[in-house]
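These notes concern the structure reproduced below.
Computed from a predicted model, the values in this text were never measured in an experiment. All residue numbers in this chain count up from 1 along the given sequence.
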Amino acid sequence: MKLSKQERIGVLVIAVILILGLGIWFMIVPKINAINASNAQLDAKKAELVAAEERRALKDPLKEQVLDAYEKGENLANMFFEEMTPYEVDVELRRFLEQLDVNVIVESVTIGGATTYTLAPSYFTEGKVTYPLKEYVTANIQPTEEELAAASRQTILRDTLGTSQTVGAISVDFQIKALSQEDLIKFCDEVNAYYKDENGTSTRKAIMMDGAGFQFDEIEKEYAKIMEAIELEAKDTALDELYKNHGLKRPSDTAVDTTPDEEEKKDETLTLVDYIYSMPVHLTFYSVERMQDPTEQLEAQEQ
């Protein structure tokens with residue numbers, strides 16, 4: 001069948017359109033998709049580059065912050081002991097006793113097992129009485145500037161000290177003896193000011209002493225004498241007033257007490273043991289695990 005001129009032109013146009021469409025579909029569209037994928041990948045790499053540059057800009061300051069935090073943590077940790085076995089605690093106790101500048105004798109040492117203890121800051125809170133009438137009267141009273149400043153200082157202190165922390169602990173019990181109460185008090189001061197030289201630095205170590213008690217017999221004796229004198233004076237004054245109110249003459253006290261004073265008799269039987277003062281002591285050594293030095297790891301990350 002022979003096509004007319006118009007039909008041949010239509011077929012040719014259709015063929016051209018088909019060729020262009022197939023060419024676009026099989027050649028141009030894949031290239032466009034590849035270009036879009038490349039652009040998306042390029043945008044992702046650009047974002048990664050920006051993030052890497054930002055991390056690099058923060059790397060040195062962050063390193064300094066990590067090292068600074070480690071140094072502060074290390075200094076705080078040095079206040080505590082490293083975790084110790086009972087044998088090591090015995091060695092540490094002997095080291096502490098050797099540097100004492102006080103004359104005491106230590107007896108009956110008992111070392112407990114390793115355990116934990118929770119340390120927490122405590123804050124004084126003044127007790128306040130409240131009742132409905134007081135609440136009604138003070139309902140519209142605003143706190144003063146001084147009260148607001150005090151509350152602000154306490155808030156800052158709480159934020160700085162933080163909350164409680166659990167640390168390692170091991171306790172030692174023993175008895176100390178001395179020739180005076182002052183020596184016992186000095187021993188307590190020595191516990192409170194125990195410094196140890198470590199890595200060229202003198203650091204106060206974390207030891208707590210509790211259960212200490214003192215009995216000052218001399219003060220109690222003097223107090224008893226004062227109370228006895230006050231009672232005798234009060235009794236004598238009362239008798240004078242009694243006889244005076246009844247118009248009677250008070251008879252003179254002629255009886256003299258010749259009975260030896262109990263304290264004098266006691267002093268005659270005192271032995272050396274009576275002049276030795278003793279006190280039970282309970283010491284707790286606190287310990288924390290040391291942080292790992294991050295310097296080597298940070299330097300490896302830079303390579």
Side-chain angles (χ1 to χ4, degrees), residues 75-127 157 160-162 164-226 266 270-288:
N75 292 336
L76 291 174
N78 286 337
M79 296 177 60
F80 295 83
F81 296 91
E82 295 185 4
E83 294 187 2
M84 297 182 290
T85 63
Y87 172 78
E88 291 171 330
V89 173
D90 179 72
V91 174
E92 190 66 42
L93 176 63
R94 294 176 185 276
R95 184 181 293 114
F96 163 71
L97 295 175
E98 286 176 359
Q99 74 171 38
L100 287 179
D101 188 20
V102 57
N103 296 321
V104 295
I105 297 176
V106 177
E107 296 179 345
S108 306
V109 178
T110 303
I111 301 175
T115 182
T116 59
Y117 190 89
T118 300
L119 299 175
S122 60
Y123 309 93
F124 172 75
T125 302
E126 186 176 357
L157 184 62
T160 303
L161 295 180
S164 61
Q165 292 291 339
T166 300
V167 299
I170 189 165
S171 299
V172 181
D173 293 278
F174 53 90
Q175 193 88 6
I176 62 171
K177 293 183 178 180
L179 295 177
S180 67
Q181 294 278 24
E182 287 74 16
D183 287 335
L184 299 182
I185 296 175
K186 288 180 181 178
F187 177 85
C188 297
D189 292 335
E190 292 285 341
V191 173
N192 188 53
Y194 176 46
Y195 282 79
K196 186 178 178 182
D197 291 331
E198 294 179 330
N199 301 322
T201 304
S202 181
T203 306
R204 183 177 181 272
K205 308 302 290 186
I207 305 179
M208 183 180 73
M209 175 180 176
D210 55 5
F214 302 95
Q215 183 177 353
F216 294 92
D217 295 333
E218 293 80 2
I219 296 177
E220 292 180 0
K221 292 177 182 178
E222 292 299 324
Y223 180 78
K225 290 180 180 179
I226 293 173
K266 181 179 178 181
L270 289 177
T271 62
L272 178 61
V273 179
D274 296 305
Y275 292 95
I276 297 178
Y277 298 88
S278 63
M279 180 180 67
V281 175
H282 180 83
L283 293 183
T284 303
F285 295 79
Y286 296 115
S287 61
V288 295

Return the minimal non-hydrogen interatomic distance between [X] and [Y], and the atom names on each side.
X	Y	value
D183	V104	O-CG1, 4.1 Å
A169	S287	N-OG, 4.2 Å
G113	I170	O-CG1, 3.8 Å

Could you check whether any side-chain heavy atom of [X] comes within less than 4.5 Å of a side-chain heavy atom of [Y], counting everything from C-beta outward?
X	Y	answer
V191	F187	yes
N192	R204	yes
S278	K177	yes
C188	M209	yes
R95	K196	yes

Counting only heavy atoms not in D210, do more than 12 fall under 6.0 Å of its CG? yes
Other residues, nucleotides and ligands only: do more than 12 of their heavy atoms fall within 6.0 Å of CD1 on I105? no
Does K205 pair with E92 as a salt bridge, N-O distance under 4.0 Å?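 Result for this pair is no, no salt bridge flagged.
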d(E83 CD, E88 CD) to nearest 0.5 Å is 10.0 Å
Look at the rings of Y194 and F81 and say which category their plane angle falls in: under 30° parallel, 30 to 60° tilted, over 60° perpendicular.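 If you compare the ring of Y194 with that of F81, the planes turn out parallel.
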So L119 and V167, side-chain contact (heavy atoms from CB on, under 4.5 Å) or not? Walk me through it. CA-CA 7 Å; L119 299 175; V167 299; 3.8 Å; yes
Apply the side-chain hydrogen bond (donor to acceptor under 3.5 Å, both in side chains) test between S171 and each candidate in T110, T115, T284; give the one that qualifies.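 One option only clears the test, and that one is T284.
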Under the side-chain contact (heavy atoms from CB on, under 4.5 Å) test, which residues partner D90, sequence neighbours left out?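 For D90 the side-chain contact (heavy atoms from CB on, under 4.5 Å) partners, ignoring immediate neighbours, are R94, I111.
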For S108, all residues meeting side-chain contact (heavy atoms from CB on, under 4.5 Å), sequence neighbours excluded: none
